[in-house]
Asker: 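Below: one structure in structure tokens.
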Amino acid sequence: MRFLLPLLLVLSALVTVLLPGCEPKEDLLTTDSSARLEFSLDTVKFDTVFVSVGTVSKRLWVYNRNARAVRVSEISLQSQPGVTYSLLVNGDAGLTLRDVEIRGRDSLLVLVRATIDPTPTDTKPFLVVDDLRFRTNGNDQAVKVLSYGQNAYFHNAERIERNTTWKADKPHVVYNSVVVDSAVTLTIEAGARIYSHAGSFLVVRGQLLCNPTYQPTGEIKPDDRNIVRFLGDRREAFYREIPGQWGGLEFDASSHDNVVRFTEIKNSAFGLLIFNPFNRQPHPGVRVENTEFRNVSSLNGGYFLEGAALLGISGDFRVQNTLITNCEQYAVFGVQGSQLQLDYCTIANYTQSNRDKPSVLLAAAIEINGEQQPPVAPALTLRNSIVWGNMREGEELKFVDGEQYAAAINIRNSVLRTKEYERPGPLNQQRNGNLLNPAEGPNYLFKSTPGRFRGKALDFQLDTLSPASNQALPLPAITTDLLNRPRNPTTPDIGAYERVNQ
């Protein structure tokens, strides 16, 4: 009797292993031709793919709703000339995968990548359509794979050593940065698109002329095809408004007479950086007109600085009719003798991050590699401009040791969010036609902000009863606004936009 219980346990285990009826139902294969698959998408769509550059992987979930397992005898993409796809399933890669099993009421993840070869003449996006096929128990099912391809100029660790023009007929894709040598000019035509890979910069040691000759004849729209646009090379919708996807535009000490006009710079670590840390004379400078900076993050990758749309180290900026928004740290950062002039600009620095930096920072001294450099007083002229944002402390201006260079700060007819410079003293800005901390109340400053979202997008044009309306000082040299609309010759509006009555 003492051996009976162990013997019964052994027999029970053998029965479980040997009898097919005891195998889990979801592991049993069905060969029924009615067993079909379901899919998470009916079309796998790739946003515009630059030719010869692989995309990120797209995901397709394949569902087996049957109680029993199925064996997918073949998963395949029908290749065609000019396009290369690759599949990844359960760690196996290829264009055709065979005998893939999916347990009952389970799913399978299929990853798809696409690389499109150049076409000889296409400059506009072109469509490539293919079928991702699944054969199961004699059934053929297909999911469309749709890709838009586009030819481009590719600049990989390129050094420009002679005067060069980047045309607008095809996009320009930058990998591993581009350097413009000293004594060399890079001209960028109206309407050019520049897409930079992660960590890539445009470094100017000579001269940059970005959209130098475009002269619109009437009001322009934000999506005007003549605007030059700098952005990251990730084309998926998810990345459309993500900061920090690429480096920015850097102007070194030897650069000179740079021009950036009718341009959009977005999703970068900084916008324009003038890097002249040893205060070389004459200062490198950039003239900026009718330009937008959006979604600027913090600097990383070895830089000792923090991020800003306009970042000057012993460099000069002359800026007019420009919008700066969504900077995770600073919008304007001028140190060590930088000379900054902003006319008719709007800094609407609403960020999703918990920002603790003011939108505008000035300082005389800076540390480089841990060493304090000799202080050189900066200078700021701010006319007919708005400095506003959602910094948690409510202070969008900061002049470090500003009493030492108070005479070099000239702010007139501007709307400012600041408590510190309401106080009596040499840095008090409650004068010269400035409006400090105007009550929001019914007199909202902008049309649409994150805290008062109206319509389909943020809109930093002036609201109907905005306190900035008709409060600017006419500047005879500037007669139009950011969108090339005429400014009122006697009572223009403060900021980048002249309000238009609808």
Side-chain angles (χ1 to χ4, degrees), residues 269-280 283-286 293 296-299 303-319 324 327-342 345 347 349 351 353-383 385-412 414-432 434 436-437:
F270 57 81
L272 308 179
L273 163 63
I274 299 178
F275 189 68
N276 181 26
F278 302 108
N279 197 23
R280 177 174 166 177
H283 282 175
V286 185
F293 298 87
V296 178
S297 73
S298 59
L299 279 169
Y303 282 86
F304 55 87
L305 296 168
E306 294 172 293
L310 301 175
L311 203 168
I313 304 174
S314 301
D316 300 342
F317 286 110
R318 299 291 180 266
V319 188
I324 303 175
C327 300
E328 291 183 344
Q329 294 183 324
Y330 305 101
V332 177
F333 184 157
V335 298
Q336 198 181 15
S338 291
Q339 310 286 304
L340 311 175
Q341 179 175 323
L342 283 75
C345 292
I347 297 172
N349 202 14
T351 60
S353 62
N354 193 17
R355 177 169 57 92
D356 61 357
K357 310 292 185 185
S359 289
V360 176
L361 175 74
L362 261 64
I366 190 172
E367 283 190 2
I368 299 177
N369 296 328
E371 295 184 8
Q372 185 82 15
Q373 301 301 307
V376 184
L380 172 66
T381 297
L382 188 75
R383 300 183 296 183
S385 294
I386 299 172
V387 180
W388 205 260
N390 63 348
M391 180 185 171
R392 62 188 181 190
E393 302 297 332
E395 189 65 41
E396 297 294 353
L397 283 171
K398 180 64 177 177
F399 308 132
V400 179
D401 299 325
E403 294 80 2
Q404 300 175 14
Y405 49 88
I409 298 174
N410 177 22
I411 303 178
R412 305 185 64 88
S414 294
V415 176
L416 310 174
R417 188 179 188 201
T418 175
K419 295 294 186 182
E420 183 172 353
Y421 302 119
E422 278 186 324
R423 303 168 186 166
L427 293 173
N428 176 270
Q429 299 301 326
Q430 207 158 21
R431 53 186 176 175
N432 298 331
N434 295 326
L436 273 59
N437 312 304

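From a predicted model like this one, the values you see are computed outputs, not experimental measurements.
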Asker: Excluding sequence neighbours, so at least two apart, what forms side chain to side chain donor-acceptor pair (under 3.5 Å) with E422?
Answerer: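 For E422 the side chain to side chain donor-acceptor pair (under 3.5 Å) partners, ignoring immediate neighbours, are N437.
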Asker: List the steps, then state whether side chain to side chain contact (heavy atoms under 4.5 Å, CB included) holds for I411 with Y421.
Answerer: CA-CA 11 Å; I411 303 178; Y421 302 119; over 6 Å; no
Asker: With a 4.5 Å heavy-atom cut-off, do L362 and L340 have their side chains touching?
Answerer: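 Yes; the side chains approach each other to less than 4.5 Å.
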Asker: How would you list, by chain and number, every residue that makes a side-chain contact (heavy atoms from CB on, under 4.5 Å) with A379, sequence neighbours excluded?
Answerer: Q339, A408
Asker: Is there a donor-acceptor pair under 3.5 Å between the side chain of S385 and the backbone N or O of R383?
Answerer: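 Indeed, once roles are kept as given, a pair shorter than 3.5 Å links the two residues.
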Asker: Would you say E396 and L416 make side-chain contact, with heavy atoms under 4.5 Å?
Answerer: no
Asker: Can you list everything that forms a side chain to side chain donor-acceptor pair (under 3.5 Å) with N434? Sequence neighbours excluded, please.
Answerer: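 N434 satisfies side chain to side chain donor-acceptor pair (under 3.5 Å) with no residue once adjacent residues are dropped.
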Asker: Mind checking side chain to side chain donor-acceptor pair (under 3.5 Å) for N349 and listing every partner two or more places apart, or none if nothing turns up?
Answerer: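 Listed in chain order: S359.
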Asker: Within the structure provided, determine whether L311 and I313 are in side-chain contact (heavy-atom separation under 4.5 Å).
Answerer: yes
Asker: With sequence neighbours excluded, tell me which residues meet salt bridge (charged side-chain N to carboxylate O under 4.0 Å, His left out) with R412.
Answerer: none
Asker: Can you list every pair that meets salt bridge (charged side-chain N to carboxylate O under 4.0 Å, His left out) and has a residue in residues 397-407, with sequence neighbours left out?
Answerer: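 Passing the test, one end in residues 397-407: K398-E420.
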Asker: Once you round to the nearest 0.5 Å, how far does CZ of F275 lie from CZ of R280?
Answerer: 13.5 Å
Asker: Could you tell me which residues satisfy salt bridge (charged side-chain N to carboxylate O under 4.0 Å, His left out) with E395, sequence neighbours excluded, listed by chain and number?
Answerer: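 Salt bridge (charged side-chain N to carboxylate O under 4.0 Å, His left out) check on E395 returns nothing, list empty.
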Asker: Applying side chain to side chain donor-acceptor pair (under 3.5 Å), can you list everything that pairs with Q341, at least two apart in sequence or on another chain?
Answerer: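 For Q341 the side chain to side chain donor-acceptor pair (under 3.5 Å) partners, ignoring immediate neighbours, are D343.
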Asker: To the nearest 0.5 Å, tell me how far F399 CZ sits from L427 CG.
Answerer: 7.0 Å
Asker: Just to verify, what does F333 make a ring pair (Phe, Tyr, Trp, His ring centres under 6.0 Å) with, not counting sequence neighbours?
Answerer: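 Testing F333 for ring pair (Phe, Tyr, Trp, His ring centres under 6.0 Å), a comparison that skips the adjacent residues, returns Y330.
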Asker: What is the distance from atom CG of L382 to atom SG of C345, rounded to the nearest 0.5 Å?
Answerer: 7.5 Å
Asker: Which atom pair, heavy atoms only, marks the closest approach of V400 to Y405?
Answerer: O-OH, 2.8 Å
Asker: Identify, with sequence neighbours excluded, every residue that meets salt bridge (charged side-chain N to carboxylate O under 4.0 Å, His left out) alongside R417.
Answerer: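 Residues passing salt bridge (charged side-chain N to carboxylate O under 4.0 Å, His left out) with R417: none at all.
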Asker: Check step by step if side chain to side chain contact (heavy atoms under 4.5 Å, CB included) holds for D316 and I274.
Answerer: CA-CA 8 Å; D316 300 342; I274 299 178; 5.6 Å; no
Asker: Can you name the ring pair (Phe, Tyr, Trp, His ring centres under 6.0 Å) partners of F317, sequence neighbours left out?
Answerer: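 F317 satisfies ring pair (Phe, Tyr, Trp, His ring centres under 6.0 Å) with no other residue.
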Asker: Is the backbone N or O of L397 less than 3.5 Å from a side-chain atom of T418, with the two atoms forming a donor-acceptor pair by type?
Answerer: no
Asker: Donor-acceptor pair, distance only, cut-off 3.5 Å: does the side chain of N276 make one with the backbone of S314?
Answerer: yes
Asker: Kindly write out the residues that satisfy side-chain contact (heavy atoms from CB on, under 4.5 Å) with V296, not counting sequence neighbours, or none if the list is empty.
Answerer: S268, A309, C327
Asker: Identify the heavy atoms of P378 and G334 that sit nearest to each other, and give their distance.
Answerer: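 Shortest heavy-atom separation between P378 and G334 comes out as CB-O, 4.3 Å.
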